[in-house]
Student: 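For reference, the structure I am asking about is given below.
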2 protein chains.
Amino acid sequence: MSEASVPTTAAAEPATAKGEQTRRLILDTAMRLFRERGYTQTTMRAIAKEAGVAVGNAYYYFGSKEHLIQEFYAGTQVEHRAAATPVLRRESDFAARLRGVLHAGIDANAPYHAFAATFFKTAAEPTSPLSPFSTESSGAREASIALFREVVEGSTAKVDPELRADLPELLWLAYMGVVLYWVHDRSPEQAKTRRLIDGATPLIDRLVGLSRLRVLRPVTREVMQLIRSLRQ
Amino acid sequence: MSEASVPTTAAAEPATAKGEQTRRLILDTAMRLFRERGYTQTTMRAIAKEAGVAVGNAYYYFGSKEHLIQEFYAGTQVEHRAAATPVLRRESDFAARLRGVLHAGIDANAPYHAFAATFFKTAAEPTSPLSPFSTESSGAREASIALFREVVEGSTAKVDPELRADLPELLWLAYMGVVLYWVHDRSPEQAKTRRLIDGATPLIDRLVGLSRLRVLRPVTREVMQLIRSLRQ
DNA sequence: ACCAAAACTTGAACACGTTCGAGAAAGGGG
DNA sequence: CCCCTTTCTCGAACGTGTTCAAGTTTTGGT
C-alpha cells in the first residue's frame, strides 16, 4: 500500500552540446515564468512554448515539474553561503555568527517568498525527492549543515564536547524551523521571522553555554543520547 | 501575485434530509477507498462511481478532493480525545498526563500512517485550508488545544503564572512537532516516535518546573514576550 | 393541492501534468 | 563518406481534478 505515485521517468543528463544548451534554455525559461507568474500558474505547456520546444522535451531533461525546483534549491544554497561569508569572516561571537547566518538564509530566499510557499508543500512530503531529508537533497543539505559547522568552529564559544559534534546539525534543524515559520509568515517584509531569529539566537546561545555546566552535564548527555537514537 | 489557486467553489451545507444522506454516503465511500487504496490512487471518479452518484455531486458537498480530508481530521480528533480521557482521569502528574495524551494522539492516527504522509503534504502549504494553522481548521485545532489545557489544569504541577495561559498552545505546538516526526518515521510500528515522546516529556516537564525559579523568571518572561509577538 | 424558490443532481467539457511510440539529429568507428 | 547507435525531439493521447449550464427533486408558503 505504498502511496508512492512519483513519476517514474528518470531525467536524462545531457550528453551532447546541444542537449546541454536545451536543458539550460528550458530551466531558465521555467525559472523566469515561476518568478513572473508563480509556480502553479506556470504550466508545463507554457514553459515549453516559451522556450520553443515540445512539452515532451522538457520531460526528457526534468522528470517532473517539481524536479525543476531542485535546481532552485541549489541556487539559493549558493546565495546563502555568499550572503553568510562576510558575517563569518567578521564575527567571532557565537550568537552573532548564528544570527548572521540565519538572517543570510532568509535574505537568500526572500525574493521567492511569494511562490516558495507553493513548492514547500511538495518538500514536506516524506516520499518526495524534494524533501530536505531525502537522499536526493543530501547535497544541498550537507552544504547547508557545513555552513553551521563553520558557525560553531569559527566561534569563541566553549561548547560541551558531547554536544559539539552534533551541534551543527541541530542548528540546521533550527534553521529549517525558521524557514518553516518564514513560509507561513504573512507579516510585511516577513518582519516576524526576523524577530524570531533575533529572539531565538540569544536563547540558543545561552542554552549552549549552559550545557557545559557541571550540574547540567547529565541532562545534556541524556538529551544527546535521545537525539542520536532518533536520527533516521 | 498571490499563488492561491485553491478551488473557488464553496462546499454546500446540506439543508435537506436527502442532502445529509448523500453527503454521508460520499464521505464514507471516500474514507473507505482512501484506506483501501491510499489517497492518490483514489480518484474522484472512483469515489463517485462507488457511491453511485455523479462526480459533480461530490463537488457539491466537498469543495475539493482535499476537503474530504478535513472530515478525517475531525474524526481522528474525536478518537484522540477518547483515547486520552482515561489517562486524564487516572493521572495527576504533569509529565504522565502529557505523555499519555501524546501517545493517545499517535494511537488515534496510527491506522492511517500509510497515507497520512500523502496528505500531510497538502497540509503543509500555508495557503491550504487544510493547514493546521488555517481558519478552516480552527475547529479541530481548538479542540486539540483544549485537550492540552486539560493536561495542564488537571495536573498537580505548579506552573509560572506568566506561562500558564499559553502553555496549552505551546504543548499543542510540540504535539504538531511530534506528528511531523511521526509522518516521516519509517521505523517499524513508528517506534522511534514513541521513544521521542518518552524522551521529550520529562524534559518538557523539567523545563516547565524550572520556569518558576526566581533566577529564571526574567528568561521565562522574555521567552513568553517573544512568543506572543510572533503569534500570527 | 399547487407552485415558485431553493436544494440537489447530472455528465460532458476543460486544463493540467504526464507518457509514449515514432521519428530526426548527432556522434563516431570503419 | 556511410551506417548504426545513441541522443534528442516531437505532439497526440491519457488520466486526473475541477467546473458549469442545464435539468430534477424537495420544500414551504398559500
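We use all heavy atoms of the structure for the numbers below, so side chains are in, but hydrogens, waters and symmetry mates are not. Convention: sequence-line order gives letters A, B, ...; per-chain numbering from 1.
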Student: Mind checking what makes salt bridge (Lys or Arg N to Asp or Glu O under 4.0 Å) contact with A:R141, not counting sequence neighbours?
Tutor: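 Salt bridge (Lys or Arg N to Asp or Glu O under 4.0 Å) check on A:R141 returns nothing, list empty.
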
Student: Report yes if the side chains of B:L180 and B:H184 come closer than 4.5 Å at any heavy-atom pair, otherwise no.
Tutor: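 Result yes, sub-4.5 Å side-chain heavy-atom pair found.
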
Student: Kindly write out the residues that satisfy side chain to side chain contact (heavy atoms under 4.5 Å, CB included) with B:A95, not counting sequence neighbours, or none if the list is empty.
Tutor: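 Result, side chain to side chain contact (heavy atoms under 4.5 Å, CB included) vs B:A95: B:D93, B:T201, B:D205.
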
Student: Under the side chain to side chain donor-acceptor pair (under 3.5 Å) test, which residues partner B:D198, sequence neighbours left out?
Tutor: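 B:D198 satisfies side chain to side chain donor-acceptor pair (under 3.5 Å) with B:R99, B:H103 only.
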
Student: I'd like to check the salt bridge (Lys or Arg N to Asp or Glu O under 4.0 Å) partners of B:E150; sequence neighbours left out, ordered by chain and number.
Tutor: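 B:E150: salt bridge (Lys or Arg N to Asp or Glu O under 4.0 Å) contacts with B:R81.
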
Student: Could you write out each protein N or O paired with an N or O of nucleotides 1-11 of chain D at a distance under 3.5 Å?
Tutor:
from	atom 1	to	atom 2	distance (Å)
D:dC8	OP1	A:A15	N	2.8
D:dC8	OP1	A:T16	N	3.0
D:dC8	OP1	A:T16	OG1	3.4
D:dC8	OP2	A:Y60	OH	3.0
D:dT9	OP1	A:T22	OG1	2.8
D:dT9	OP2	A:N57	OD1	3.1
D:dT9	OP2	A:N57	ND2	3.4
D:dT9	OP2	A:Y61	OH	2.8
D:dT9	O5'	A:N57	ND2	3.2
D:dC10	OP2	A:A54	N	2.8
D:dC10	OP2	A:N57	ND2	3.4

Student: Answer whether the closest heavy-atom distance between the side chains of A:F148 and A:L98 falls below 4.5 Å.
Tutor: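 A:F148 reaches A:L98 side chain to side chain.
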
Student: Check the distance between D:dG17's C1' and B:H67's NE2 and give it to me in whole angstrom.
Tutor: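 Value for this atom pair: 14 Å.
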
Student: Under 3.5 Å between N/O atoms: give me all the protein pairs with nucleotides 28-30 of chain D, atom names plus distance.
Tutor:
none

Student: Checking B:E50 now: which residues fulfil salt bridge (Lys or Arg N to Asp or Glu O under 4.0 Å) with it, not counting sequence neighbours?
Tutor: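 Residues passing salt bridge (Lys or Arg N to Asp or Glu O under 4.0 Å) with B:E50: B:R32.
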
Student: Nucleotides 14-17 of chain C: which of its N/O atoms have a protein N/O under 3.5 Å away?
Tutor:
from	atom 1	to	atom 2	distance (Å)
C:dG17	OP1	A:K65	NZ	2.8
C:dG17	OP2	A:M44	N	2.8
C:dG17	N7	A:R45	NH1	2.8
C:dG17	O6	A:R45	NH2	2.6

Student: Rounding to 10°, can you tell me the angle the first-five-pair axis of the helix from C:dA1-D:dT30 to C:dG30-D:dC1 makes with its last-five-pair axis?
Tutor: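 Between the axes fitted at each end of the helix from C:dA1-D:dT30 to C:dG30-D:dC1 lies an angle of 0°.
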
Student: I'd like to check the salt bridge (Lys or Arg N to Asp or Glu O under 4.0 Å) partners of A:R195; sequence neighbours left out, ordered by chain and number.
Tutor: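 A:R195 satisfies salt bridge (Lys or Arg N to Asp or Glu O under 4.0 Å) with no residue once adjacent residues are dropped.
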
Student: Sequence neighbours left out, what pairs pass salt bridge (Lys or Arg N to Asp or Glu O under 4.0 Å) with at least one residue falling in residues 168-178 of chain B?
Tutor: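 Every pair satisfying salt bridge (Lys or Arg N to Asp or Glu O under 4.0 Å) with a residue in residues 168-178 of chain B: B:E169-B:R231.
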
Student: Under the rule for side chain to side chain donor-acceptor pair (under 3.5 Å), what residues qualify as partners of B:T43, not counting sequence neighbours?
Tutor: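 Per chain and number, B:T43 pairs via side chain to side chain donor-acceptor pair (under 3.5 Å) with no residue.
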
Student: Relative to each other, are the rings of B:W182 and B:H113 parallel, tilted or perpendicular (30° and 60° limits)?
Tutor: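 Rings of B:W182 and B:H113: perpendicular, as their planes differ by over 60°.
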
Student: Any non-hydrogen side-chain atom of A:Y112 less than 4.5 Å from a side-chain atom of A:R35?
Tutor: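 With C-beta onward as the side chain, the pair touches.
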
